[in-house]
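We count residues from 1, following the sequence as given.
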Amino acid sequence: MMATVVAGIGTSHGPQLKTPPTRWAERGEADRRSSTLEFRGARYTFDELKAARQDFAHECTDDVQAARWEACRHAMDGLGAHLRDAEVDVLVIVSSDHKEVYDDRLLPAFAIYWGDAVDHVPFTPEQLAAMAPGLAEAAHGDVPERTVTRPCRADLARHLIESAAEEGFDVAASRSLPAGRYGNHGIPHGYGFIYQRIVGERSTVPMVPVFINTFYEPNPPSARRCLDFGRALGRALASFPEDLRIGVVASGGLSHFVIDEDLDLAFLTALKAGDEEHLASVPASEMRSGSSELRNWIAVAGIAEETGLSVSSVDYQPCYRTEAGTGNAMGFVTWSPAREETTR
């Protein structure tokens, strides 16, 4: 018997998903002070961005933000149900590391963790106090109250590393994670969020963490390279010689910290249509800042295409926090073996 990829999900994991909308303005204050707001290949101050775009104040009312928040919560509940219904034995989670683990001493374009387990570690009071306004409360949504050791599938991870190498991907292999920014050798927030919010803190489903350097120059991979990497992972998963039910997860995105609905909606349309040419041609200039995490979704789309999954549901909630259009566009997608497309 061989392994089977039975389900997939894509989910945003931005701070606004873990912070009530009454506090979204705290992150907005950071936006107002920023001089590095990335939008369509250019970098803006807040005032420059505000002058260049339409007025999004109507998206920042209490009623609109509350409705977006509730829709996001409902969508995340649906993602968890999708994985539970599929009865997955293991999760392959593709996400990015915000230099929480890897840094400029070694910043791999692609890395796979192949240890037997990994710690999921809460932040210390000192670490929380040092975070930017609005981030400390959100950080609680990524970690448990006490350290949890989460099981991993070292055998499957090693198979992915070796199979990818045979296809021309020299993937970095981590048997143990570096101490990282917080000095705890723990899994970063893009992975922790999946357990805390999607599958549940008490879940014992093991994972294989796959890292893509989405954010940092000089070596973020191109969209086409991410798609090809995902396809290689899909072939490797299908060739693993054990009767496993595998779930795949894209964690991160969509556009942020400046929301670009045109970018997001074209991207989601391409996902639904299986339009690999569009996915492979997303320019690097559009994948900057938090929007760079589209790379994780492109890789999972490659896995899905290679293993016979197609998009079965899509939800999209652009969660604005300032009148200049800053915020986090939240995307929630499921992939299923059958082509039963619905849009929540």
Side-chain angles (χ1 to χ4, degrees), residues 10-17 19 21 24-61 64-65 68 72 95-99 132-135 138 190 212-224 226 250-271 278-298 314-333:
T11 181
S12 300
H13 62 227
Q16 286 167 253
L17 289 178
T19 309
W24 288 1
E26 293 179 26
R27 293 300 302 143
E29 289 306 310
D31 298 335
R32 295 177 192 281
R33 295 191 297 270
S34 177
S35 60
T36 57
L37 295 168
E38 301 277 355
F39 181 62
R40 297 185 178 176
R43 180 170 288 181
Y44 296 83
T45 66
F46 182 84
D47 288 339
E48 290 168 343
L49 182 69
K50 183 178 176 180
R53 304 192 74 192
Q54 69 184 76
D55 186 351
F56 291 93
H58 63 285
E59 285 283 353
C60 301
T61 66
V64 170
Q65 290 183 335
R68 297 287 190 199
C72 288
S95 193
S96 49
D97 171 39
H98 299 200
K99 291 187 177 177
L135 289 185
I212 298 180
N213 172 31
T214 72
F215 271 82
Y216 301 107
E217 301 295 340
N219 65 331
S222 69
R224 186 169 298 278
C226 290
S251 177
L254 295 174
S255 63
H256 65 293
F257 301 100
V258 180
I259 294 176
D260 187 342
E261 293 192 42
D262 290 343
L263 172 67
D264 295 331
L265 294 174
F267 184 81
L268 292 171
T269 297
L271 282 182
H278 179 97
L279 298 177
S281 63
V282 178
S285 61
E286 298 284 329
M287 295 190 293
R288 303 290 297 273
S289 190
S291 304
S292 69
E293 293 173 330
L294 293 177
R295 291 179 170 93
N296 303 328
W297 292 61
I298 293 169
V314 175
D315 201 342
Y316 178 69
Q317 299 294 332
C319 295
Y320 291 90
R321 62 194 183 210
T322 72
E323 69 277 12
T326 62
N328 195 162
M330 309 300 185
F332 310 98
V333 166

field: Any side-chain donor near an acceptor of the partner, Gln16 and Arg321, under 3.5 Å
entry: yes
Check: Ser292 and Pro220 side chains under 4.5 Å, non-hydrogen atoms: no
Side chains of Ser291 and Glu38 in contact at under 4.5 Å (non-hydrogen atoms): no
message: If I compare all heavy atoms of Tyr316 with all of Asp264, which pair ends up nearest, and what's the gap?
response: OH-OD2, 2.7 Å
Heavy-atom pair of closest approach, residues Ile298 and Phe267: CG1-CE1, 3.6 Å
- prompt: Parallel, tilted or perpendicular: which fits the ring planes of Phe215 and His98, with parallel below 30° and perpendicular above 60°?
  reply: tilted
task: Check whether any side-chain heavy atom of Tyr320 lies under 4.5 Å from a side-chain heavy atom of Arg68, and answer yes or no.
output: no
- prompt: Does the side chain of Leu263 reach to within under 4.5 Å of the side chain of Leu294, using non-hydrogen atoms?
  reply: yes
query: Does the side chain of Phe56 come within less than 4.5 Å of Thr326's, by heavy atoms?
result: no
statement: dist Asp315:CG -> Met330:CE (nearest 0.5 Å) comes out at 12.0 Å
statement: One should read off an interatomic distance between Gln317 CD and Ile259 CD1, to the nearest 0.5 angstrom, of 10.5 Å
message: Does any part of the side chain of His58, heavy atoms only, come nearer than 4.5 Å to the side chain of Val64, both counted from C-beta?
response: no
Euclidean distance, Arg40 CZ relative to Ser285 OG, rounded to 0.5 Å: 11.0 Å
message: If I take atom CZ from residue Arg27 and atom CG from residue Leu135, how far apart are they, to the nearest 0.5 angstrom?
response: 4.0 Å
message: Could you check whether any side-chain heavy atom of Cys226 comes within less than 4.5 Å of a side-chain heavy atom of Trp297, counting everything from C-beta outward?
response: no
- request: Would you check if the side chain of Ser96 reaches a backbone N or O of Asn213 as a donor-acceptor pair within less than 3.5 Å?
  value: no
message: Determine whether a donor-acceptor pair (N or O, by modelled atom type, separation under 3.5 Å) exists between the side chain of Glu48 and the backbone of Thr45.
response: yes
message: Can you give me the closest heavy-atom contact between Ala280 and Ala223, atom names plus distance?
response: O-CB, 3.5 Å
message: Before you tell me yes or no, could you show the steps for Val258 and Tyr44 under side-chain contact (heavy atoms from CB on, under 4.5 Å), namely the whole-Å CA-CA distance, both residues' side-chain angles and the distance that decides it to 0.1 Å?
response: CA-CA 10 Å; Val258 180; Tyr44 296 83; over 6 Å; no
statement: Nearest heavy-atom approach of Thr19 to Ala138 is OG1-CB, 3.5 Å
message: If you compare all heavy atoms of Tyr216 against all heavy atoms of Asp97, which two are closest, and at what distance to 0.1 Å?
response: CE1-O, 3.6 Å
query: Where is the tightest heavy-atom contact between Arg43 and Ser35, given as atom of each residue plus distance?
result: CG-O, 3.6 Å
query: Going through the distances and angles, do His13 and Ser95 end up as a side-chain contact (heavy atoms from CB on, under 4.5 Å)?
result: CA-CA 10 Å; His13 62 227; Ser95 193; 3.7 Å; yes
message: Determine whether Glu29 and Glu26 satisfy the following criterion, side-chain contact (heavy atoms from CB on, under 4.5 Å), listing intermediate values before the conclusion.
response: CA-CA 5 Å; Glu29 289 306 310; Glu26 293 179 26; 5.9 Å; no
- line: CD (Glu286) and CG (Asp262) are apart, to the nearest 0.5 Å, by 9.5 Å
- prompt: How far does OG1 of Thr214 sit from CG of Asn296, to the nearest 0.5 angstrom?
  reply: 5.5 Å
- request: Kindly indicate whether the side chain of Cys60, heavy atoms from C-beta on, has any atom under 4.5 Å from the side chain of Gln65.
  value: yes
Exam field: side chain Thr269 to backbone Leu265, donor-acceptor pair closer than 3.5 Å: yes
task: Determine yes or no for a side-chain-to-main-chain donor-acceptor pair under 3.5 angstrom, with Glu323 supplying the side chain and Ala57 the backbone.
output: no
task: Assess whether side-chain contact (heavy atoms from CB on, under 4.5 Å) is satisfied between Leu254 and Leu268, documenting all intermediate values.
output: CA-CA 10 Å; Leu254 295 174; Leu268 292 171; 4.1 Å; yes
